[in-house]
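To start, the structure itself, in structure tokens.
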Amino acid sequence: MRTRPLKVALLGCGVVGSEVARIMTTHADDLAARIGAPVELAGVAVRRPSKAREGIPQELVTTDATALVKRGDIDVVVEVIGGIEPARSLITTAFEHGASVVSANKALLAQDGAALHAVAGQHGKDLYYEAAVAGAIPLIRPLRESLAGDKVNRVLGIVNGTTNFILDKMDSTGAGYQEALDEATALGYAEADPTADVEGFDAAAKAAILAGIAFHTRVRLDDVYREGMTEVTAADFASAKEMGCTIKLLAICERAEDGRSVTARVHPAMIPLSHPLASVRGAYNAVFVESDASGQLMFYGPGAGGAPTASAVLGDLVAVCRNRLSGTTGPGESAYAALTVSGMGEVVTRYHISLDVADKPGVLAQVATVFAEHGVSIDTVRQQGKDGEASLVVVTHRASDAALGGTVEALRKLDTVRGVASIMRVEGE
Ligand SMILES: NC(=O)c1ccc[n+]([C@@H]2O[C@H](COP(=O)([O-])OP(=O)(O)OC[C@H]3O[C@@H](n4cnc5c(N)ncnc54)[C@H](OP(=O)(O)O)[C@@H]3O)[C@@H](O)[C@H]2O)c1
């Protein structure tokens with residue numbers, strides 16, 4: 001074993017960073033044996049230097065992250081600050097000064113992954129980010145390496161624990177959205193400002209990263225269709241139950257049937273209770289991958305939290321250190337396929353539509369005609385009358401989102417349709 005240590009600069013020592021530092025210390029001997037050289041924490045950049053940090057020698061703490069990554073003797077920079085800046089500049093500077101980088105930063109990777117990979121490539125350095133998607137769950141490496149000989153057609157996942165916790169609460173207790181969100185906040189599963197989670201921004205960043213890797217195609221954050229879950233109601237769960245389904249906020253990356261284009265989207269969807277993703281409870285994450293040769297694979301586990309996320313960071317750290325010692329780098333960006341990334345209109349799926357209609361003869365026929373005129377075939381219809389008004393629940397066969405959009409627009413114009421109470425996609429069948 002080499003005795004000269006590999007030097008690690010830790011940028012950020014919060015929820016994730018403090019666990020990275022702890023495991024680096026407590027597992028130092030095992031890490032050294034697995035890597036073939038000891039790893040040494042050479043500096044820790046934070047915002048508030050006077051904050052007490054257990055196990056971190058004060059002399060390692062600095063507020064000058066730029067000076068730390070410019071030192072020239074750093075082998076690996078671990079970026080767990082989060083956000084776009086200064087993380088992006090620090091990572092770029094780290095490559096320019098000879099370090100490889102491990103990051104957990106989904107927002108940055110989704111926005112600037114291609115540019116950062118390019119800088120890493122120019123300098124012959126590694127950029128690893130297993131922790132950026134679904135915390136502890138090995139997903140980036142399996143997609144990038146284990147499935148490199150296969151053809152991935154679909155990635156369907158629950159990649160945000162906060163929203164899964166809220167939806168699971170609504171499902172199991174009949175609670176409304178606000179009540180379930182309040183409980184998630186009280187238990188620490190939701191942040192004071194839950195927008196990034198409940199509006200699907202966090203999941204969209206992960207979808208962009210997953211789609212890019214799965215389809216060997218650059219998928220920008222703007223390419224990902226995004227719909228949050230704040231409008232999901234207890235009534236939607238009741239409808240889902242009647243269909244033998246539950247509701248999950250899903251990230252869905254799909255190759256079109258002709259194989260020439262891909263789509264990426266995040267939205268709430270009904271999935272059958274028989275689908276493995278339906279049994280993912282609480283704040284857990286799971287990702288279902290379908291590929292030509294392997295068939296169906298499911299990756300499941302804790303998608304966030306200090307120690308679980310640090311596990312993924314440490315796995316990357318070991319891999320990058322091994323590469324460093326053997327003078328190689330791991331796989332960089334793979335975007336050779338350059339498939340067209342289509343918009344939401346091209347997505348083909350099933351829909352569950354609840355309409356409030358007048359309770360009189362001929363309404364059903366009128367509604368059915370509108371569906372037929374737009375080429376959307378109906379699978380089932382359920383009608384319930386109440387005091388001169390009625391609700392009509394239509395479940396369609398597979399149709400394009402564009403066709404469904406046209407159908408709904410036309411339905412809204414019918415005198416007999418009082419309102420469209422909800423539209424929910426049905427996935428996983
Ligand atoms: N938390 C999770 O469960 C989880 C899961 C997966 C991925 N991630 C990702 O991991 C990253 C870190 O998340 P976290 O939850 O650990 O965040 P956090 O608890 O807020 O910690 C952020 C750390 O960065 C430091 N920092 C902030 N601005 C800085 C600056 N300008 N220069 C130097 N240090 C700075 C903070 O310093 P102070 O300590 O002085 O405030 C803090 O130590 C993010 O990219 C996040 O998306 C987190």
Side-chain angles (χ1 to χ4, degrees), residues 9-23 41 43-56 58 60-70 77-91 93-94 101-113 116 127-140 157-165 184 187-197 201-206 208-210 221 282-285 287 301-317:
L10 184 60
L11 309 184
C13 193
V15 174
V16 179
S18 58
E19 284 297 309
V20 171
R22 182 185 64 78
I23 299 171
L41 195 55
V44 180
V46 296
R47 211 171 16 187
R48 295 164 297 165
S50 51
K51 191 180 163 203
R53 296 173 203 272
E54 203 187 321
I56 310 274
Q58 190 56 38
L60 293 186
V61 176
T62 175
T63 52
D64 194 346
T66 307
L68 179 59
V69 298
K70 277 186 174 174
V77 167
V78 174
E79 184 276 309
V80 278
I81 290 177
I84 305 301
E85 284 295 351
R88 176 172 51 195
S89 302
L90 290 168
I91 290 175
T93 309
V101 173
V102 173
S103 173
N105 193 333
K106 64 219 127 190
L108 179 59
L109 266 304
Q111 184 180 303
D112 289 319
L116 291 174
L127 172 60
Y128 276 46
Y129 44 90
E130 183 64 70
V133 181
I137 308 172
L139 199 53
I140 305 281
I158 295 166
V159 292
N160 183 278
T162 305
T163 49
N164 202 56
F165 180 90
L187 293 172
Y189 287 114
E191 297 194 16
D193 177 2
T195 311
D197 295 319
F201 290 102
D202 173 84
K206 293 164 179 170
I209 295 170
L210 288 176
L221 194 47
Y284 274 83
N285 283 196
V287 177
T309 309
S311 163
V313 170
L314 264 296
D316 279 354
L317 180 65

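Remember, it's 1-based here, ligands and their atoms both numbered in the order they're listed. These figures come from a predicted structure and were not determined experimentally.
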Worksheet entry | P49: side chain to side chain contact (heavy atoms under 4.5 Å, CB included) partners, not counting sequence neighbours | V61, T63

Discussion item. For F201, give me all partners under ring pair (Phe, Tyr, Trp, His ring centres under 6.0 Å), at least two apart in sequence or on another chain.
Written reply: none

Worksheet item: For V159 and D202, which heavy atoms make the closest approach, and how far apart are they?
Response: O-OD2, 3.9 Å

Response to the item:
Taking every heavy atom of V77 against every heavy atom of A94, the minimum-distance pair comes out as CG2-CB, 3.7 Å

Fill in: Which atom of A21 lies closest to which atom of L41, heavy atoms considered
CB-CD2, 4.1 Å

Distances for all N or O pairs of ligand 1 and the protein under 3.5 Å?
residue, atom, partner, partner atom, Å
ligand 1, 3 (O), G305, N, 2.6
ligand 1, 16 (O), V15, N, 3.2
ligand 1, 16 (O), V16, N, 2.9
ligand 1, 19 (O), V15, N, 2.9
ligand 1, 37 (O), R47, N, 3.1
ligand 1, 39 (O), R53, NH1, 3.0
ligand 1, 39 (O), R53, NH2, 3.1
ligand 1, 40 (O), R47, N, 3.0
ligand 1, 40 (O), R48, N, 2.6
ligand 1, 40 (O), R48, NE, 3.4
ligand 1, 40 (O), R53, NH2, 2.9
ligand 1, 41 (O), R47, NH2, 3.1
ligand 1, 41 (O), R48, NE, 3.1
ligand 1, 41 (O), R48, NH2, 2.9
ligand 1, 43 (O), C13, N, 2.8
ligand 1, 43 (O), G14, N, 3.1
ligand 1, 47 (O), K106, NZ, 3.2

Discussion item. Once side chain to side chain contact (heavy atoms under 4.5 Å, CB included) is applied, do any residues pair with L317, and if so which ones, sequence neighbours excluded?
Written reply: V8, M24, V76, V78, L314, C321

